[in-house]
2 protein chains.
Amino acid sequence: MSFVHPDREQIDLSAVLHALSDPQRRLIVSELAQSDVPRPCGSFAPTISKSTRTHHFRVLREAGLVEQWKEGTSKMSRLRRDDIDARFPGLLDSVLGTVVAGAG
Amino acid sequence: MSFVHPDREQIDLSAVLHALSDPQRRLIVSELAQSDVPRPCGSFAPTISKSTRTHHFRVLREAGLVEQWKEGTSKMSRLRRDDIDARFPGLLDSVLGTVVAGAG
DNA sequence: TGCATGATACGACGATCATCGAACTTTGTG
DNA sequence: CACAAAGTTCGATGATCGTCGTATCATGCA
């Protein structure tokens, strides 16, 4: 993989908060958090277009929230929960705990 | 006061995260959290212009993070910590705990 | 080799954002 | 009244954002 993946210490709070401020991205993160099985990008947020989904995943990856790697023709994603929890303790839990409530 | 102040139940997670994604606004929130004494807007973020400061406070207020009221010629601000904590438990603590660390 | 699949790259569009200066309003004080 | 202090309002500017369609690339399969 040769994508942008910031180290744990490089993860920037502004970038993380901005990434999580979008409901679509928060939905993706929420789905990633609910199962430890990596899934291809295409299986998330089916209502938006492919290019928009690529964009959202790049924002999440460059913010350090998600790790991505290729498997065949698919690109798998994994939530970097350990890194985020270590860097900003409690942040992910509080955001994920209210993904639905906060959307309305 | 006749400003926009969302009720606790109306506070939107996207708006809160977006408001907190700006370093200047996070700095204001952090200073507000460090002392319970309400302070006038002008005593925050002295490096930015007055109009920009007005803008930032409006974003914070409309997101539900801050309550504002007039006192003489000044406009006082208070962090709505109780409301934010009730709506998104742990969020403010995790963000404020890393205001400085997250900026670098 | 050809084809299908999954994802990216490349503009493009309208919207929003952070920032500013200048003009204005509001309030208090002499 | 005049003046000062504290904020707001009003454009304006350059940047970024979310979204899209189309074209392109990479991989796997027959």
Side-chain angles (χ1 to χ4, degrees), chain A residues 1-5 12-32 37-63 65-78 99 102-103, chain B residues 1-5 12-32 37-63 65-78 99 102-103:
Chain A
M1 57 173 176
S2 60
F3 316 117
V4 176
H5 280 106
D12 178 56
L13 181 55
S14 294
V16 169
L17 293 176
H18 166 249
L20 290 174
S21 74
D22 183 273
Q24 301 279 9
R25 286 195 291 261
R26 220 157 52 232
L27 205 60
I28 292 174
V29 169
S30 147
E31 289 192 38
L32 274 172
V37 184
R39 283 162 50 190
C41 295
S43 67
F44 296 92
T47 68
I48 60 181
S49 75
K50 286 201 302 179
S51 44
T52 302
R53 191 162 37 221
T54 297
H55 163 70
H56 283 322
F57 269 101
R58 186 179 54 218
V59 172
L60 290 172
R61 170 166 38 84
E62 294 183 351
L65 280 160
V66 154
E67 180 193 346
Q68 293 189 286
W69 66 95
K70 297 201 71 174
E71 270 187 28
T73 67
S74 296
K75 197 165 190 177
M76 312 302 284
S77 294
R78 177 189 74 87
V99 165
Chain B
M1 55 172 178
S2 59
F3 316 116
V4 176
H5 280 105
D12 177 58
L13 181 55
S14 293
V16 169
L17 292 176
H18 166 249
L20 291 174
S21 73
D22 184 272
Q24 300 280 9
R25 286 194 291 261
R26 217 155 55 231
L27 204 60
I28 292 175
V29 168
S30 148
E31 290 192 37
L32 275 172
V37 184
R39 284 163 51 192
C41 295
S43 68
F44 296 92
T47 68
I48 60 181
S49 74
K50 287 200 302 180
S51 44
T52 302
R53 191 160 37 222
T54 296
H55 163 68
H56 282 322
F57 269 101
R58 185 179 55 218
V59 172
L60 289 172
R61 170 167 37 83
E62 294 183 351
L65 281 160
V66 153
E67 180 192 347
Q68 292 189 287
W69 66 95
K70 297 200 71 174
E71 271 187 27
T73 67
S74 296
K75 197 166 190 177
M76 312 302 284
S77 294
R78 178 189 74 87
V99 164

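Order of the sequence lines fixes the chain letters, A, B, ..., with proteins taken first and strands second; residue numbering starts at 1 for each chain. Treat the numbers as computed from the prediction; the structure is a model and nothing was measured.
If you measure from atom CD of A:Gln68 to atom C1' of C:dT8, you get 11 Å, rounded to the nearest angstrom. Rounded to an integer number of Å, the gap from A:Arg53 CZ to C:dT5 C1' is 13 Å. If you take CZ of B:Phe3 and P of D:dT9, they are 9 Å apart, rounded to a whole angstrom. If you measure from atom CD1 of A:Ile28 to atom P of D:dT19, you get 10 Å, rounded to the nearest angstrom. Rounding to whole angstrom units, NZ of residue B:Lys75 and C1' of C:dT27 are separated by 14 Å. Rounded to an integer number of Å, the gap from CZ of A:Arg58 to P of D:dC17 is 10 Å. Rounded to an integer number of Å, the gap from CD1 of A:Ile48 to P of C:dT8 is 12 Å. Taking atom CZ of B:Phe57 as the reference point, atom P of C:dA18 lies 14 Å away to the nearest angstrom.
Across D:dT9, D:dG21, D:dG7, the shortest atom-to-atom separation from the side chain of B:Pro40 is found for D:dG7.
Note on A:Arg25: a side-chain N or O is less than 4.0 Å away from OP1 or OP2 of D:dG18. Residue A:Lys70 has no polar side-chain atom (N or O) positioned under 4.0 Å from OP1 or OP2 of D:dA26. Under 4.0 angstrom from either OP1 or OP2 of D:dG11 there lies no side-chain N or O belonging to B:His55.
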Please determine whether side chain to side chain donor-acceptor pair (under 3.5 Å) holds for the pair B:Arg26 and A:Ser14, giving the CA-CA distance in whole Å, both sets of side-chain angles, and the decisive distance to 0.1 Å. CA-CA 9 Å; B:Arg26 217 155 55 231; A:Ser14 294; 3.0 Å; yes
Side chain to side chain contact (heavy atoms under 4.5 Å, CB included) assessment of B:Phe3 paired with B:Lys70: CA-CA 10 Å; B:Phe3 316 116; B:Lys70 297 200 71 174; 4.0 Å; yes
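The residue B:Thr52 sits close to a base: some heavy atom pair falls under 4.0 Å. Among the heavy atoms of the strands lying under 4.0 Å from B:Lys50 is at least one base atom, whether or not backbone atoms are also near. Contacts of B:His56 with the nucleic acid, taken as non-hydrogen atoms under 4.0 Å apart, involve only primed sugar atoms and P, OP1 or OP2. Counting any heavy atom pair closer than 4.0 Å across all strands shown, A:Ser74 reaches sugar-phosphate atoms only and no base atom.
The only option from B:Val29, B:Leu27, B:Ile28 that meets the side chain to side chain contact (heavy atoms under 4.5 Å, CB included) definition with B:Glu31 turns out to be B:Leu27. Residue B:Leu60 forms a side chain to side chain contact (heavy atoms under 4.5 Å, CB included) with just one option from B:Arg25, B:Gln68, B:Glu67, and that option is B:Arg25.
One donor-acceptor pair, N or O on each side, does fall under 3.5 Å between the base of C:dG21 and the side chain of B:Ser51.
Of all heavy-atom pairs between B:His56 and B:Ile48, the closest is CD2-CD1, 3.7 Å.
In terms of position on DNA chain D, the residue among A:Asp22 and B:Thr73 whose nearest nucleotide sits closer to the 5' end is B:Thr73.
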